[in-house]
Protein chains: 2
Amino acid sequence: MDADKVFKALGDPTRRRLLDLLCEQNGQTLGQLCENLDMARQSATQHLDLLEAANLVSTVKRGREKLHFINPVPLHEVYERWVRKFERERLSLLHDLKQELEGDDQ
Amino acid sequence: MDADKVFKALGDPTRRRLLDLLCEQNGQTLGQLCENLDMARQSATQHLDLLEAANLVSTVKRGREKLHFINPVPLHEVYERWVRKFERERLSLLHDLKQELEGDDQ
DNA sequence: TTGACATGCAGGTATTTACCTGCATATTAT
DNA sequence: ATAATATGCAGGTAAATACCTGCATGTCAA
């Protein structure tokens, strides 16, 4: 997994919207997705290409159509390898800050 | 929580590195953080400002120093409100794709 | 007080990015 | 075959971004 590509891909609201749309109905065509986006089809394609490069979306060609499917695995990996690290130390990290805010004179 | 700011903030490798550094040792000064970064202090400041705007980092001034603390709460919220959504449907989403890959003729 | 140190602030620039338009190709339906 | 449909490909542009340098301010220690 290329963590940087995944984070970069998630860093744009349009691409998160695309993932949301695919979550509502998986396997949509480019045209279907564009109907909900308010931008040129070619722009949407570029966003989808980035999602695909990050392995967050997989595509299948069916005739002249291109179907898009979410791949939730990279999200899971990002969570496991990155978010949980902070999650685990959550309380102690907050404790550090609280301690500092309460004053240094002790 | 401003989800967009959080995702944007996480979308840069330098800023993720800063969070990693703070996770190793919370409450570091700007100078300490810069020693591990290979860029001008002013550039690091800009990254830290974005992390602070996303509420991922909180700061406390102590004398002429500025201490930086991770705030793990927004990460937790991003996970709760966004990642878990896909997590929950993970298996069914993968099933959709597998089904499509196995051929259309049935 | 004066010098060293930690950080703040104000631009400037090169790269990346997010959008667009125009045209080409491939597939389906009549 | 021909027209309509779905997508691919090739630039082009304006805005955002990630750096930088130079200088100002505030704090500590001798």
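Everything numeric in this text was worked out from a predicted model, so none of it was measured. Each chain gets a letter, A, B and so on, in the order its sequence line appears, and its residues count up from 1.
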On a heavy-atom basis, which atom in K8(B) and which in R15(B) lie closest, and how many Å separate them?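 Heavy atoms of K8(B) and R15(B) come nearest at O-NH2, 3.2 Å.
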What pair of heavy atoms forms the shortest contact from T29(A) to H68(A), and how long is it? C-ND1, 3.9 Å
For [X] and [N], what is the distance between atoms [atom1] and [atom2] respectively, to the nearest whole Å?
| X | N | atom1 | atom2 | result |
| --- | --- | --- | --- | --- |
| L50(B) | dA16(D) | CG | P | 14 Å |
| Q46(B) | dT13(C) | CD | C1' | 13 Å |
| D4(A) | dA18(D) | CG | C1' | 14 Å |
| L51(A) | dA18(C) | CG | P | 11 Å |
| L10(A) | dA18(C) | CG | C1' | 17 Å |
| D12(B) | dT15(C) | CG | C1' | 13 Å |
| L67(B) | dG8(C) | CG | P | 11 Å |

State whether S43(A) places a side-chain N or O below 4.0 Å from either non-bridging phosphate oxygen (OP1 or OP2) of dC20(C). yes
dT17(C), OP1 or OP2 - any side-chain N/O from H47(A) closer than 4.0 Å?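 Answer is no, no contact under 4.0 Å.
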Cut-off 3.5 Å, no hydrogens considered: what does the side-chain donor-acceptor table look like for residues 50-58 of chain B, sequence neighbours left out?
{"unit_1": "E52(B)", "atom_1": "OE2", "unit_2": "T59(B)", "atom_2": "OG1", "d": "2.9"}

Classify the angle between the aromatic ring planes of W82(B) and F7(B) as parallel (below 30°), tilted (30 to 60°) or perpendicular (above 60°).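 Plane angle over 60°, so perpendicular.
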With a 4.0 Å cut-off, would you call R16(A) and D4(B) a salt bridge? yes
Please determine if K85(A) and D20(B) form a salt bridge, counting it only when a charged side-chain N lies under 4.0 Å from a carboxylate O. yes
Looking only at atom types and distance, does a side-chain atom of E24(B) sit under 3.5 Å from a main-chain N or O of L21(B), one as donor and one as acceptor? no
Hey, does the side chain of N26(B) reach the backbone of I70(B) with a donor-acceptor pair shorter than 3.5 angstrom? yes
Identify whether V73(B) and L10(B) are in the same connected component of the hydrophobic contact network (ILVMFWY, side-chain heavy atoms under 4.5 Å). no
Looking at DNA chain D, which of residues 28-39 of chain B put a heavy atom within less than 4.0 Å of it?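 M39(B), in order of number.
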Could you run down nucleotides 24-30 of chain C 5' to 3' and tag each one B, S or - for protein heavy-atom contact under 4.0 Å? ---BS--
First encountered from the 5' end of DNA chain D, between K8(A) and H68(A):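 Final value for this comparison: H68(A).
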Check this for me: does the side-chain of Q42(B) come within 3.5 Å of the base of dC19(D) through a donor and an acceptor?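 When only heavy-atom distances are counted, Q42(B) does not reach the base of dC19(D) through any donor-acceptor pair under 3.5 Å.
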